[in-house]
Amino acid sequence: MIQYISIHYMSILQAIVEHLRLTAFSLLFSIPLAALLSLLLFHSKTLGAILTGFLVVIYCIPSIALFTMLIPWFGLGETTAVIGLTAYNQILLIRNIKASYEAIPQQIKEAAESLGISNRKCLQNIYLPLMLPYLIGGLRIVTISTMGIATMAALINAGGLGRILVEGMRMFSMPRILVAVILISGLALILNFILIKLERLARRYATGHEVAS
């Protein structure tokens, strides 16, 4: 494995960058889309039930099947992978946003309404700080999920560490397989660690403690 890394380190670095880019772009599109859909769902229970069911169906589709279904419209490559990953993320993010809102104590909601605070200011100054720890916790789950599913994007020429894994499986090369598995797991653990730290900071802020304490 060490020999493989020493020979192909530039290709490995490129695959890491591609994998992180797939994950970052997917989250960049997923988060605002999920926020917009959540606002729509809060205004209509019927629409919410229909859309939630549709997103659950999408999430149940195997990743390679979903990517393949998107190829006729978007072709092979990174664009198709990002669209597929964004679609997978929606049900997780929307459910997380809903759970975050429901975690706000009812007394706080009633107090905000009785004071006549506008919806925008209420969301910005009261609800979001309380929801933030739960939102980051949900983002952590989605990030790890995206890192894993992005591995399959190599099958549609989207690059990433999945490319090394697929090459290893095709060539029966254990060093390639081990390098890909270790790097994917390592990146996921690093991102998980960072988001756990952010979640703890957000929780301290939400409970009125000083972040630096």
Side-chain angles (χ1 to χ4, degrees), residues 1-36 55 58-94 96 135-199:
M1 189 171 72
I2 295 175
Q3 182 181 8
Y4 170 76
I5 294 173
S6 63
I7 296 174
H8 301 281
Y9 67 93
M10 288 302 297
S11 177
I12 293 171
L13 288 175
Q14 181 182 354
I16 292 174
V17 171
E18 291 171 351
H19 207 90
L20 290 174
R21 188 171 62 202
L22 279 173
T23 302
F25 282 164
S26 300
L27 295 175
L28 183 65
F29 291 113
S30 296
I31 294 171
L33 178 59
L36 177 60
L55 293 175
I58 291 179
Y59 191 76
C60 292
I61 300 174
S63 56
I64 186 59
L66 180 60
F67 291 151
T68 302
M69 292 167 61
L70 293 172
I71 288 174
W73 285 277
F74 305 103
L76 294 169
E78 187 177 71
T79 299
T80 298
V82 169
I83 292 173
L85 291 169
T86 300
Y88 273 125
N89 291 341
Q90 292 311 296
I91 187 62
L92 298 177
L93 287 170
I94 287 174
N96 173 248
L135 293 174
I136 296 177
L139 177 61
R140 179 164 57 89
I141 295 173
V142 170
T143 301
I144 303 306
S145 173
T146 303
M147 287 286 297
I149 299 175
T151 304
M152 302 303 296
L155 296 173
I156 58 168
N157 295 335
L161 291 167
R163 172 171 53 82
I164 299 175
L165 181 61
V166 171
E167 289 175 357
M169 295 173 65
R170 185 182 298 122
M171 301 170 61
F172 300 100
S173 172
M174 189 56 65
R176 283 178 167 82
I177 295 173
L178 288 176
V179 166
V181 170
I182 290 172
L183 287 175
I184 293 168
S185 302
L187 288 175
L189 288 173
I190 291 171
L191 292 175
N192 184 63
F193 176 78
I194 293 172
L195 289 170
I196 284 177
K197 290 294 186 181
L198 292 176
E199 185 179 352

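Values below: every heavy atom of this structure, side chains too, minus hydrogens, waters and symmetry copies. Here the structure is a predicted model, which means the values were calculated and not measured.
- Distance check: Ile144 CD1 to Ile184 CD1 gives 12.0 Å after rounding to the nearest 0.5 Å.
- Here the CG atom belonging to Leu187 is positioned 5.0 Å from the CG atom belonging to Leu20, to the nearest 0.5 angstrom.
- Of all the heavy atoms in Thr68 and Ile64, the pair that sits closest is OG1-O, 2.7 Å.
- Evaluation of the salt bridge (Lys or Arg N to Asp or Glu O under 4.0 Å) test over residues 138-161, restricted to residues two or more places apart or in two chains, returns Arg140-Glu199.
- Taking every heavy atom of both residues into account, Leu28 and Pro32 meet most closely at O-CD, 3.0 Å.
- Here the CG atom belonging to Leu191 is positioned 11.0 Å from the CD1 atom belonging to Ile196, to the nearest 0.5 angstrom.
- Side-chain contact between Leu195 and Leu198 is present, with at least one heavy-atom pair separated by less than 4.5 Å.
- Under the 4.5 Å side-chain criterion, counting only non-hydrogen atoms from C-beta, Leu27 is in contact with Leu139.
- Inter-residue side-chain proximity for Thr23 and His19 is flagged as met; some heavy-atom pair is nearer than 4.5 Å.
- In this structure, the separation between OH on Tyr88 and OG1 on Thr146 is 11.5 Å, given to the nearest 0.5 Å.
- In this view, Glu78 and Arg21 satisfy the side chain to side chain donor-acceptor pair (under 3.5 Å) rule, not counting sequence neighbours.
- Under the 4.5 Å side-chain criterion, counting only non-hydrogen atoms from C-beta, Val82 is in contact with Thr86.
- The side-chain heavy atoms of Tyr59 and Leu92, taken from C-beta on, include a pair separated by under 4.5 Å.
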List, one per line, each side-chain donor-acceptor pair under 3.5 Å for residues 149-169, sequence neighbours excluded.
{"from": "Thr151", "atom 1": "OG1", "to": "Gly148", "atom 2": "O", "distance (Å)": "3.0"}
{"from": "Arg163", "atom 1": "NH1", "to": "Ser11", "atom 2": "OG", "distance (Å)": "3.4"}

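- Ala87 and Ile58 make their closest contact through CB-CG2, 4.0 Å (heavy atoms, listed as atom of the first residue, atom of the second, distance).
- Proximity of a side-chain donor or acceptor of Ser30 to a complementary backbone N or O of Ser26 within less than 3.5 Å is detected.
- We find the OG1-CG distance between Thr80 and Leu70 to be 6.0 Å, quoted to the nearest 0.5 Å.
- Rounding to the nearest 0.5 Å places CZ of Phe74 at 12.5 Å from CZ of Phe67.
- Within the 4.5 Å cutoff, the side chain of Leu13 has no heavy atoms near those of the Val17 side chain.
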